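Every value quoted in this text rests on a predicted model; they were computed, and no experiment measured them.
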Amino acid sequence: MAALRRAVPVLSRALAGPGGAAPGRRWVRALRRSPVRVLPPRKEEAEAQQRPVEHHPPPPAVERGSAGPGLWYEKASPGDKSLGKVVTIAKSRSFRDRHGKVLLEGQRLIRDALEAGAVPRALFFSTAVHLKELPPAPLKGARLVRVRFEDIKCWSDVVAPQGMIGIFSKPDHAKMSYPAAQLPIVLICDNIRDPGNLGTILRSAAGAGCEKVLLTKGCVDPWEPKVLRAGMGAHFRVPIVANLDWESVPSNLPSGVRVCVADNKDPGIQAETEPTSQGAGRSGSHPGNPKAPVKPKSKAAPPENEDEEETEGLCASELAAQYYYENWIQSPVAVVVGGETQGLSPDALHLAASTGGKRLVIPVVPGVDSLNSAVAAAIVLFEGKRQLQWRRRKQEDERQKFPAVG
């Protein structure tokens, strides 16, 4: 009790203000509201001190392998799903347009791309043997990842994958190296929307040795996986200029070019059956006189399509028509092939009429509506190549028969 009495004056002086007066109510209330530290029980604190500290192991080092001098690859860890997501995203058109990259699958296609000058960014393969069969110099700047064949099989869209998938920068035709053109023909694709047809057309153009291929707006993306599979490497054997509007097509053609269109109806029969000309995708016709004039008949049509059909009919009637096997090849020349659904656009017919072009008719037996656009393109291109080779042989024979004196 005496100790308590002695402690009271000391506590009073400690709580007194600067003038020695006792603190007010507000100060006391603030002291009462100060936070209180909660101490853990002694038992839990002792257990926490005795508990061993958990040390998380560092991430495992990436396992690497060598595929040749200066060529290293990493091995993907089992169960890594991030790579599969990358491959899936790379297949979309939004990824191609936004990031400027394309996905190529198959050892042959990737080798053609590397030899043509395409820039690889990442390469996924199942065995190092496949990697050693590729040119090593372009691969040194790419990320090389060895994965299981089962993973590539899950990522691939084909039934029998070859065990190799690559992500490349979208090729620029101006920076690539292609084989020398053997045919002075520029192929123009108008509204080719089927991936298989476009890939086959590109393959035919590369096989014939075309100078280049122009794709107008409305055509399918040439770097879509289905187009790449159907093309069989044609993307890296012939220059491809895509997504062109018709106003910019003439600037991509040689000066003095004549534009021809592959039509689908014989004009002599067409004047009796249909009012307008359709596209090159239906490049077939009934036998008749291709020089006959076209007199379109009136036909009921939706109001919004009347002007377009009338314009198309007038443009088609301005073009001279001939069979595809008659002489039409000259240097330079361009051929327009239209899609199977929409056919030739009025812009294509206008361009052909302004350059003095012709309509190339492929005759078929009565009852057959049309030919596939890829088949029509192949027929016209290789016929043009045949005519050009015949002309060259004829000129060579004349030179040998009448050698120059001098």
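What you find for Ala230 and Pro195 is that their closest heavy atoms are CB-O, 4.4 Å. Closest approach of Phe382 to Gly207, counting heavy atoms only: CZ-C, 4.0 Å. Counting all heavy atoms, side chain and backbone alike, Cys189 lies closest to Val213 at SG-CG1, 4.1 Å.
Between the Gln387 side chain and the Trp328 main chain, a donor and an acceptor come within less than 3.5 Å of each other. In this structure a side-chain-to-backbone donor-acceptor pair under 3.5 Å is present from Ser177 to Ala116. Side-chain N or O atoms of Thr88 include one that pairs as donor or acceptor with a backbone N or O of Gly84 at under 3.5 Å. Without hydrogens or angle criteria, Lys212 side chain to Ile185 main chain gives no donor-acceptor distance under 3.5 Å. A donor-acceptor pair is defined here as one N or O able to donate and one able to accept, closer than 3.5 Å; such a pair exists between the side chain of Arg391 and the backbone of Ile329. When atom types are taken as modelled, the side chain of Asp172 and the backbone of Lys175 share no donor-acceptor pair closer than 3.5 angstrom.
Val333 places a side-chain heavy atom less than 4.5 Å from the side chain of Cys260. Residues Arg121 and Ser169 form a side-chain contact, since some pair of their non-hydrogen atoms from C-beta on lies under 4.5 Å apart. The shortest side-chain heavy-atom distance between Met232 and Arg108 falls under the 4.5 Å cut-off. For the pair Ile201 and Ser373, the minimum side-chain heavy-atom distance is below 4.5 Å. Pro332 is not listed as a side-chain neighbour of Val186, based on a closest heavy-atom distance of 4.5 Å or more. The shortest side-chain heavy-atom distance between Met164 and Phe124 does not fall under the 4.5 Å cut-off. Here the side chains of Lys170 and Asp97 are in contact, with some heavy-atom distance below 4.5 Å. No side-chain heavy atom of Asp190 sits under 4.5 Å from any side-chain heavy atom of Val337.
Separation of atoms CG (Leu183) and CD (Gln389) is listed at 8.5 Å; rounding is to 0.5 Å. The CG atom of Asp194 sits 9.0 Å away from the CD1 atom of Ile192 when rounded to the nearest 0.5 Å. Once rounded to the nearest 0.5 Å, the distance linking OG1 of Thr355 with CZ of Arg258 reads 8.0 Å. The OG atom of Ser126 sits 12.0 Å away from the NZ atom of Lys153 when rounded to the nearest 0.5 Å. Between atom CD of residue Glu326 and atom NZ of residue Lys358 there is a gap of 8.0 Å, rounded to the nearest 0.5 Å. In this structure, Glu383 CD and Leu360 CG are separated by 9.5 Å, a value rounded to the nearest 0.5 Å.
For the residue pair Asn197 and Thr200, no side-chain donor N or O sits within less than 3.5 Å of a side-chain acceptor on the partner. A side-chain donor-acceptor contact under 3.5 Å links Gln107 and Glu133.
Salt bridge present: Arg143 and Glu74 bring a charged side-chain N and a carboxylate O closer than 4.0 Å. The pair Arg148-Asp151 meets the salt-bridge criterion, with a side-chain N (NZ, NE, NH1 or NH2) lying under 4.0 Å from an Asp/Glu carboxylate O. Salt bridge status for Lys226 with Asp157: absent, with no side-chain N to carboxylate O gap under 4.0 Å.
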Residue pair Arg399, Glu396: steps toward the salt bridge (Lys or Arg N to Asp or Glu O under 4.0 Å) verdict:
CA-CA 5 Å; Arg399 282 195 297 265; Glu396 183 65 25; 2.5 Å; yes
Before you tell me yes or no, could you show the steps for Tyr178 and Arg237 under side-chain contact (heavy atoms from CB on, under 4.5 Å), namely the whole-Å CA-CA distance, both residues' side-chain angles and the distance that decides it to 0.1 Å?
CA-CA 5 Å; Tyr178 302 96; Arg237 298 186 180 276; 5.5 Å; no
Criterion side-chain contact (heavy atoms from CB on, under 4.5 Å) on Leu381 and Leu187, from CA distance to verdict:
CA-CA 9 Å; Leu381 290 178; Leu187 181 64; 4.0 Å; yes
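For His235 and Trp223, the ring centers are positioned less than 6.0 Å apart.
Aromatic ring pairs are classed by plane angle as parallel below 30°, tilted from 30° to 60° and perpendicular above 60°; the pair Phe95 and His99 is tilted.
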